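This structure is a prediction, so every number in the text was calculated from the model and none was measured. Just so it is clear: chains get the letters A, B, ... in the order the sequence lines come, proteins before strands, and each one is counted from 1.
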Amino acid sequence: MTDFLQGLNDVQRQAVLATEGPVMVLAGAGSGKTRVITYRIAHLIRNVGVSPQNILALTFTNKAAGEMRQRIDGILERGSASSLWIGTFHSVFARLLRSYIHLIGYDRNFSIFDADDSKSLIKQCMKELNLSPETLPVNLVHSAISKAKNSFVLPPEFHRKAIDDQSQKVSLVYERYVHKLRENNALDFDDLLIKPIELFTEHPAVLEQLQGYFKYLLIDEYQDTNRVQYLVAKMIAAQHQNIFVVGDDAQSIYSWRGADITNMLNFNDDYGDAQVFKLVDNYRSTKTILDAANSVISRNTRQIKKELVANSGMGEPITLIEAFNEKREAEKVADHINSIRLSKGAEYRSFAIFYRTNAQSRVLEDMMRQNRIPYKIFGSVSFYKRKEIKDAVAYMRLVLNERDSESLLRVINFPPRKIGDVSINKLKEFAEERNMSLYEAVVHANEGGFQSRLVNALTGFASLIEAMRQQAEAGTVYDVLSMLYETTGLLSLLKEENTPESLARHENLQELLSMTRDFADHNHDAATLGDFLATISLASDYDETQESDNYVSLMTVHAAKGLEFPVVFVTGMEERLFPLNSYEPGELEEERRLFYVAITRAQTKLFLSWAQSRYMYGQPQMCLRSTFINEVDPDLIVTEGGRKLSESPTKVSASAMAGRPVFGSSLRPQPGRPSAKVPTVKPAGSARPTGAAKSEYRPGTRVQHAIFGPGTVLDVQGKGPKQKVKINFRNAGEKTLMVQYANLKVVG
DNA sequence: TGGAACCCGATTTTT
DNA sequence: TCGGGTTCCA
Ligand SMILES: Nc1ncnc2c1ncn2[C@@H]1O[C@H](COP(=O)(O)OP(=O)(O)OP(=O)(O)O)[C@@H](O)[C@H]1O
């Protein structure tokens with residue numbers, strides 16, 4: 001047996017060596033599950049003699065896939081992992097579908113619609129069905145449809161099960177949406193998983209072929225697979241049963257996306273005589289961190305009890321940071337980073353800052369910049385979601401897939417070609433009449449009886465697309481994009497505008513261009529336009545890591561899953577933020593699992609921080625410390641002063657506060673239930689007061705604010721629910737607040 | 001047609 | 001507070 005297996009403990013090694021038949025590794029955080037998968041693949045190749053292309057490994061993110069490939073390369077010779085199939089469910093099946101999708105009536109150059117594209121298509125469907133987004137929010141429809149798809153509930157079944165009025169409406173949209181996707185020759189994210197099932201069902205020969213090809217199937221983070229993923233995996237493994245899954249039910253944090261722990265719980269029933277291995281040694285964190293994690297997760301009722309034992313000593317205590325507001329919180333985080341760097345010589349890359357919602361990143365980001373701490377935000381506004389990038393990509397999508405009307409509509413008047421709504425509607429009518437796609441209608445514009453001005457604009461557009469198409473056939477992706485930039489003058493337009501925003505866009509477009517270069521360099525055999533588009537459709541900001549760069553990582557807790565950092569800050573530990581407003585006990589348990597994930601990312605030092613007040617929707621809100629902090633053994637926590645929490649004067653916990661009046665604060669404005677202290681707000685509308693408002697505020701009025709303290713009104717703007725007051729606070733300076741939310745108390 | 005002025009709702013979390 | 005969407009006007 002080869003020596004790399006030395007890097008495993010006994011149970012891990014057994015799991016690696018059990019190469020045949022169904023195997024599940026069920027174990028807590030940091031117990032080396034991912035290592036087992038990695039080594040098992042290396043073992044299959046090196047010792048069992050399996051050819052890399054016969055192994056399919058599915059991960060949760062592209063980043064995890066990249067890292068796994070790298071590590072396997074590290075164990076074996078360089079390049080031996082290159083023909084392995086490693087990727088997310090989505091990227092692997094997108095690639096496979098390109099070879100087979102013609103069998104189920106799509107063109108191989110199908111477009112992949114991201115969430116924004118899907119929503120815009122849904123909006124269109126709703127418009128056609130006369131459903132107003134006010135009564136039925138697009139986001140809700142989108143998530144309902146996506147949830148259905150992820151549970152493999154297709155429109156007919158959805159329709160049958162739709163009882164209440166709302167789901168019946170959703171059902172109508174769903175049906176039309178699916179239809180339109182097909183018209184666009186497009187798949188949305190969920191289709192990338194559903195279409196393989198359709199394909200396998202309708203063409204069993206294809207399934208058989210793939211079953212013979214993917215002789216070994218391995219799945220990481222199995223606890224977060226959804227029903228469709230489960231079904232696809234089952235189909236592929238049906239013959240040989242060589243399915244190997246690893247996961248931790250305590251880290252299931254994607255149930256809102258259809259992830260279903262029962263996939264894990266039923267593994268034994270689904271695959272007869274499956275072997276199950278449990279790893280108990282944690283190699284990542286200090287005992288302190290692990291004890292904290294264990295005490296938190298033990299509060300969940302729905303869980304498989306698992307042992308998890310530290311392999312190192314207690315280490316440093318957990319530090320609780322309490323701050324006046326979120327700015328101060330961020331400042332303190334920055335201070336701690338600098339002081340640890342100086343005292344311990346830690347690199348920036350050793351630090352990670354986590355938060356529950358993306359909105360929290362802004363303040364942290366500002367503070368990092370102010371303190372000249374290099375940082376990188378993962379997620380937030382993805383590069384690929386930027387308008388200019390989406391526009392450029394839409395052009396390329398249309399070039400590849402002329403039925404992609406979604407993309408056509410996006411760029412037909414960008415840059416402006418004087419083709420406005422009116423013209424577009426005419427074009428749509430014409431297309432409908434002739435039963436053509438929008439692009440075909442554009443090509444045949446001269447037969448549409450349009451004004452010659454419009455015909456010219458449309459033909460000009462068509463010839464650009466046609467020229468790009470020829471370029472795509474003859475040249476590289478780089479050539480196609482260059483042609484777009486040159487013909488439309490996109491870059492020079494932005495340069496001329498010469499605002500900071502336009503220059504940033506200019507830079508982004510340049511960046512996209514250099515990405516096409518890199519892409520050609522890295523994928524010699526598969527560098528067509530289609531390959532490029534498929535890759536970037538499924539890529540996200542979360543994927544990039546450059547080991548060489550040295551920066552502090554900022555990300556949501558969700559994005560942190562699977563990662564580890566020596567020093568971790570979990571910020572925003574406040575009631576209603578983390579845990580985020582949860583109404584059902586099940587949701588609270590998922591929040592708790594999320595907290596468990598956050599804690600267990602830390603190797604040597606953990607900070608938990610919270611702020612007494614925080615701006616939300618531009619208004620300061622009082623915050624209470626998260627109950628989650630009370631779920632950690634107070635002996636493990638010290639305050640910034642170094643005092644043990646268990647010995648500190650008892651903090652009033654959020655639960656003890658519940659029901660008790662807190663001065664001047666409802667945590668957030670409660671719609672339709674104004675707190676008694678809020679100055680009564682007159683309903684907007686016909687009875688709007690005119691003339692000098694009978695406001696309780698006048699310049700000079702002395703007021704008290706829950707957070708900013710005492711102050712004097714300087715100015716009153718507007719009236720009614722939108723009334724704002726400018727106040728000079730004794731300690732906090734000048735602020736303009738909305739009366740409705742400010743919870744001001746008039747004093748004196 | 002396109003820009004500017006306004007209004008309103010949003011914050012979960014991501015492939 | 002911010003950004004998307006709508007409305008209104010040149
Ligand atoms: N047998 C071992 N000996 C030494 N270190 C190990 C061993 N197994 C794993 N590790 C180390 O422990 C850390 C956690 O391993 P890994 O990421 O594989 O755990 P995991 O179970 O996938 O964690 P999580 O579920 O939290 O993502 C890694 O730094 C890894 O290198």
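Contact check, N358(A) against dT14(B): a side-chain N or O comes under 4.0 Å of OP1 or OP2. Residue T61(A) places no side-chain N or O under 4.0 Å from the OP1 or OP2 atom of dT15(B).
In this structure, R227(A) has no salt bridge (charged side-chain N to carboxylate O under 4.0 Å, His left out) partners at least two apart in sequence or on a different chain. Listed by chain and residue number, nothing satisfies the side-chain hydrogen bond (donor to acceptor under 3.5 Å, both in side chains) test with T535(A) (two or more places apart in sequence, or in another chain). Residues that satisfy the salt bridge (charged side-chain N to carboxylate O under 4.0 Å, His left out) test with R601(A), not counting sequence neighbours, are absent from this structure.
Counting non-hydrogen atoms under 4.0 angstrom, F60(A) reaches the backbone sugars and phosphates but no base. Among the protein residues, S91(A) comes within range of no part of the nucleic acid, since none of its heavy atoms lies under 4.0 Å from any strand.
The side chain of Y617(A) sits closest to dA10(B) out of dT14(B), dA10(B), dC2(C). Among the nucleotides dC2(C), dT1(B), dT12(B), the one closest to the side chain of V422(A) is dT1(B). Considering only side-chain atoms of T357(A), the nucleotide from dT15(B), dT14(B), dT11(B) that sits closest is dT11(B).
Within residues 137-144 of chain A, the residues approaching DNA chain B are N139(A), by heavy-atom distance under 4.0 Å.
Using a cut-off of 4.0 Å between Lys/Arg side-chain N and Asp/Glu carboxylate O, D117(A) and R397(A) are scored as salt-bridged. Looking at R98(A) and D531(A), a side-chain N of the basic residue comes within less than 4.0 Å of a carboxylate O on the acidic one, giving a salt bridge. Looking at K33(A) and D220(A), no side-chain N of the basic residue comes within less than 4.0 Å of a carboxylate O on the acidic one, giving no salt bridge.
One can find a donor-acceptor pair under 3.5 Å joining the base of dT13(B) and the side-chain atoms of R356(A).
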Show me the protein contacts with nucleotides 2-6 of chain B, counting only N or O atoms at under 3.5 Å.
residue, atom, partner, partner atom, Å
dG2(B), OP2, N413(A), ND2, 3.0

Distances for protein N/O vs nucleotides 4-8 of chain C N/O pairs under 3.5 angstrom?
residue, atom, partner, partner atom, Å
dG5(C), OP1, K123(A), NZ, 2.8

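Partner of H558(A) under the ring pair (Phe, Tyr, Trp, His ring centres under 6.0 Å) criterion, chosen from Y355(A), F595(A), F578(A), W256(A): W256(A).
dT13(B) and dG4(C) have their P atoms separated by 16 Å, with the value rounded to a whole Å.
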* Give the intermediate values and the outcome of salt bridge (Lys or Arg N to Asp or Glu O under 4.0 Å) for residues R328(A) and E331(A). => CA-CA 5 Å; R328(A) 189 75 193 103; E331(A) 220 164 59; 2.5 Å; yes

